[in-house]
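None of these values were measured; they are calculated from a predicted model. As a basis for the values below, the full set of heavy atoms in this structure was taken, side chains included, without hydrogen atoms, waters or symmetry mates. Below, chains carry the letters A, B, ... as their sequence lines are ordered, and counting in each starts from 1.
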Number of protein chains: 2
Amino acid sequence: MATPLPSIVAVAKKAGVSVATASRVMSSSTYPVSEATREKVLQAAQELHYTPNSLARSLKAQHSKLLAVLVGDNADPYFAQVARGVEEIANEHGYLTIMCNTERDPIRERTYLNTLQDYRADGIIITGSGYNHTDYTDDLNAIVQKIQQRGGAVVTLSPHVIQAPSIQTDNVGGAREITAYLLSLGHRSIAFVSGPEDVTVSDQRQQGYQQAMEAAGIAIHPTWLIQGDFTQSGGERAAYQLTQLAERPSAVFACNDETAFGLMNGLQQQGWRIPQDISLCGFGDLPMAKMVVPSLTTVHIALRELGQKGAQKILALLKEPQEPTEEILPNTIIKRNSTIPFTEH
Amino acid sequence: MATPLPSIVAVAKKAGVSVATASRVMSSSTYPVSEATREKVLQAAQELHYTPNSLARSLKAQHSKLLAVLVGDNADPYFAQVARGVEEIANEHGYLTIMCNTERDPIRERTYLNTLQDYRADGIIITGSGYNHTDYTDDLNAIVQKIQQRGGAVVTLSPHVIQAPSIQTDNVGGAREITAYLLSLGHRSIAFVSGPEDVTVSDQRQQGYQQAMEAAGIAIHPTWLIQGDFTQSGGERAAYQLTQLAERPSAVFACNDETAFGLMNGLQQQGWRIPQDISLCGFGDLPMAKMVVPSLTTVHIALRELGQKGAQKILALLKEPQEPTEEILPNTIIKRNSTIPFTEH
DNA sequence: TTGTAGGCGTTATCAT
DNA sequence: ATGATAACGCCTACAA
């Protein structure tokens with residue numbers, strides 16, 4: 001049933017040459033081979049439907065041409081875009097892309113990292129930020145170090161306990177700017193809905209929010225800080241909390257778009273009109289952001305580009321290892337219809 | 001700089017045993033090894049931070065534990081969900097998932113299939129339907145055959161020129177049902193916006209639409225058939241065409257949700273109200289479908305489950321090859337607010 | 001229970 | 001220009 005593929009030995013035999021010669025023409029090495037023999041080998045390979053075995057090649061060459069991307073969930077539009085960018089560059093350069101869903105679980109991250117090490121993946125891109133602190137910090141860094149030692153490259157695309165070269169969007173800056181935008185519209189009571197506790201990106205965006213508020217000389221009322229979890233249902237729960245407040249804020253800043261969508265749904269179901277009753281903005285600018293009604297004011301992140309840059313960084317690292325660097329990419333505020341100037345009512 | 005990882009030889013040496021013994025304990029084979037030596041080996045492996053080389057293991061074992069999923073675009077929510085299901089099952093069973101974006105281009109499909117063959121991928125799941133006919137049909141089937149011959153498994157999750165076991169959602173039936181639903185609401189002039197020309201899923205859904213119309217004894221006016229391309233912007237162009245018609249249909253059925261979203265945008269921008277001026281429905285039930293305003297009536301496909309079933313099928317095929325089968329999964333109509341009963345006006 | 005040796009498919013080194 | 005051979009890291013008959 002399962003008939004094994006012909007090896008280069010078969011090709012050599014059929015062409016009447018040595019395996020060395022056959023290998024030289026098949027691997028398109030620069031080694032000189034006479035035109036006549038080259039033809040013979042090519043011919044034989046053709047007839048045999050020869051397919052080089054990348055596994056064997058990788059074993060010998062000590063690199064796999066395998067590139068992995070660790071994401072929280074590849075079905076989340078945020079990660080999907082990033083992964084797309086990674087695959088694009090990987091494919092252009094003859095690398096295969098392995099997709100790993102970690103669900104932000106450090107244990108799953110560790111398991112995948114180990115497996116990837118087993119497969120001798122040349123590069124690993126980690127996104128889907130981790131927590132500020134976890135019991136697995138040392139574990140994770142140990143395995144990353146081993147990967148780097150054997151010549152593999154690791155890059156993170158979001159703040160993470162893992163110490164590796166990193167490329168990130170400007171979370172603090174973006175949050176600061178969009179908060180400043182709300183302030184410029186006259187809002188002074190601005191709520192913030194965070195992500196899961198201790199998740200680094202959420203914390204960074206909260207910092208930006210706080211910086212802007214502080215700069216405007218506004219004390220943040222404790223009730224303005226609401227916990228979410230990056231999901232729509234988390235946003236809906238936050239909406240409920242908002243509506244229970246004695247004094248309603250005039251604006252809310254959700255730390256990511258999904259949360260904002262949940263807020264939008266939840267608030268509207270409670271009879272609040274957006275933006276008339278409350279202005280709303282998010283962070284990320286998912287494709288959905290311009291489809292919802294009202295369209296969402298948010299911080300645009302060039303997600304696909306982020307993935308591309310990550311992959312390019314890996315490729316560069318593979319060529320010549322360099323000191324860990326951190327690159328911060330700018331982002332831009334997209335003003336849409338979910339925010340309007342503050343009015344008394 | 002790049003220091004190679006210790007091999008099993010190093011472990012054996014350190015433990016003072018033969019490589020065979022070391023291998024036996026590391027590969028957790030059933031072969032009997034005394035408890036004492038097992039300990040020694042484990043100890044040595046631990047100290048050396050030994051990591052088995054999956055590449056070498058795969059080469060020897062003649063299977064890679066690599067599973068690939070070919071999609072049109074992993075950032076498309078439709079494919080993203082399917083891929084998620086695949087990765088889930090793959091991971092559970094110790095397989096790694098390779099993500100391949102084909103952009104529905106047969107040439108890219110072919111290239112990826114070849115590369116995957118080179119890597120001796122154990123299983124390949126193809127989704128992102130192909131065209132009804134392409135110059136590459138033979139090419140594609142030839143390589144698929146080779147993959148199967150060497151023991152690899154291939155499964156398609158949408159109609160495709162590639163001949164392989166297949167699991168699909170009921171495109172014809174779903175389209176027939178949702179069209180029947182529109183008819184039951186009293187609509188008689190129903191437009192259909194297709195996907196790209198010659199793409200099989202689109203054709204199947206059009207068939208379902210035609211069947212329902214025929215069963216209702218309604219002749220389809222040529223102007224009701226509008227060409228789209230599965231994208232939002234295609235939907236917007238279709239919207240423009242619709243508004244140019246002398247007699248406006250009272251309902252439109254878009255062959256996928258993305259197209260429906262585009263129609264929604266486009267029509268609303270032309271001042272048409274949905275569903276008052278025209279009822280609208282889609283196919284797929286993407287997460288966005290319930291977020292847009294009005295929420296979209298559509299055919300729900302269990303996308304993630306489709307991916308899971310595809311992966312499970314691969315696993316089954318790997319255990320024991322069987323004759324190509326075609327499994328059709330049912331889907332259900334989700335009635336939301338983008339459709340209302342027909343009224344004169 | 002343990003060890004020896006050959007082979008999985010390539011490529012690179014060293015001869016010829 | 002071509003060929004023989006070792007080696008990449010692992011597993012598994014086959015022996016002991």
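At the phosphate of C:dT10, neither OP1 nor OP2 sits under 4.0 Å from any side-chain N or O atom of A:Ser27. The phosphate of D:dC11 (OP1 or OP2) has no side-chain N or O of B:Gln62 nearer than 4.0 angstrom. An OP1 or OP2 oxygen of C:dG3 is reached within less than 4.0 angstrom by a side-chain nitrogen or oxygen of B:Thr21. Between A:Arg57 and C:dT11 there is a side-chain N or O to OP1 or OP2 distance below 4.0 Å. Within the 4.0 Å cut-off from OP1 or OP2 of C:dT10, at least one side-chain nitrogen or oxygen of A:Tyr50 is found. For B:Ser7 and D:dG9, the shortest distance from a side-chain N or O to OP1 or OP2 is not below 4.0 Å.
B:Pro4 comes within 4.0 angstrom of no nucleic acid atom, judged by non-hydrogen atoms across all strands. Among the protein residues, B:Ser58 comes within range of no part of the nucleic acid, since none of its heavy atoms lies under 4.0 Å from any strand. No contact: A:Ser54 has no heavy atom under 4.0 Å from any strand. Within 4.0 Å of A:Ser23, counting heavy atoms only, lies at least one base atom of the nucleic acid.
When the nucleotides D:dG3, C:dT2, D:dA1 are ranked by their closest atom to the side chain of B:Val33, C:dT2 comes out on top. Considering only the side chain of A:Ile8, C:dT11 comes nearest among D:dT2, C:dT11, D:dT12. The listed nucleotides are C:dT4, C:dT1, C:dT10; the one nearest the side chain of B:Ser18 is C:dT4. Distances from the side chain of A:Tyr31 to the nucleotides D:dG3, C:dG3, D:dG9 place D:dG3 closest. Checked against D:dA13, C:dG9, D:dT2, the side chain of B:Arg24 finds its nearest nucleotide in D:dA13. Taking only side-chain atoms of A:Asn53, from C-beta outward, the nucleotide of C:dG9, D:dG3, C:dT4 with the closest atom is C:dG9.
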- Message: Please determine whether side-chain hydrogen bond (donor to acceptor under 3.5 Å, both in side chains) holds for the pair A:Glu87 and B:Asn101, giving the CA-CA distance in whole Å, both sets of side-chain angles, and the decisive distance to 0.1 Å.
- Response: CA-CA 8 Å; A:Glu87 190 269 354; B:Asn101 289 307; 3.1 Å; yes
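Between B:Thr325 and B:Lys313, the side chains place a donor N or O and an acceptor N or O closer than 3.5 Å (distance only, hydrogens not considered). For B:Glu47 and B:Gln43, the side-chain atoms include at least one donor-acceptor pair closer than 3.5 Å. In summary, the side chains of B:Ser58 and B:Ser64 do not present any donor paired with an acceptor at a separation below 3.5 Å, with no hydrogens or angles considered.
Between the CG atom of B:Leu55 and the C1' atom of D:dC10 there is a distance of 11 Å, given to the nearest Å. Between B:Leu59 atom CG and C:dG9 atom C1' the separation is 6 Å, expressed in whole Å. Spacing between atom NZ of A:Lys60 and atom C1' of D:dC10 amounts to 15 Å, rounded to whole angstrom units. Atom P of nucleotide C:dT10 and atom NE2 of A:His63 are separated by 15 Å, given to the nearest angstrom. Between the NZ atom of B:Lys13 and the C1' atom of C:dG3 there is a distance of 15 Å, given to the nearest Å. Following rounding to the nearest Å, B:Leu5 (CG) and D:dC8 (C1') show an atom-to-atom distance of 13 Å.
The pair A:Glu88-A:Arg304 meets the salt-bridge criterion, with a side-chain N (NZ, NE, NH1 or NH2) lying under 4.0 Å from an Asp/Glu carboxylate O. Here B:Arg84 pairs with A:Glu103 in a salt bridge; the nearest charged N to carboxylate O distance falls below 4.0 Å. By the 4.0 Å N-to-carboxylate-O rule, B:Asp122 lies too far from B:Lys65 to be salt-bridged with it.
For the side chain to side chain contact (heavy atoms under 4.5 Å, CB included) with B:Cys100, the qualifying choice from B:Val69, B:Ile125, B:Ile126, B:Leu70 is B:Leu70, the only one to do so.
Comparing B:Ala20 and A:Pro6 by the nucleotide of DNA chain C that holds the closest heavy atom to each, the one mapping nearer the 5' end is B:Ala20. Residue A:Arg38 is the one, among A:Val19 and A:Arg38, whose nearest nucleotide of DNA chain D lies closer to the 5' end (criterion: closest heavy atom).
Remark on the helix from C:dT1-D:dA16 to C:dT16-D:dA1: inter-end axis angle 50°, axes from five-pair C1' superpositions, rounded to 10°.
Put simply, the side chain of B:Arg57 reaches to within 4.5 Å of the side chain of B:Pro52, judged on heavy atoms.
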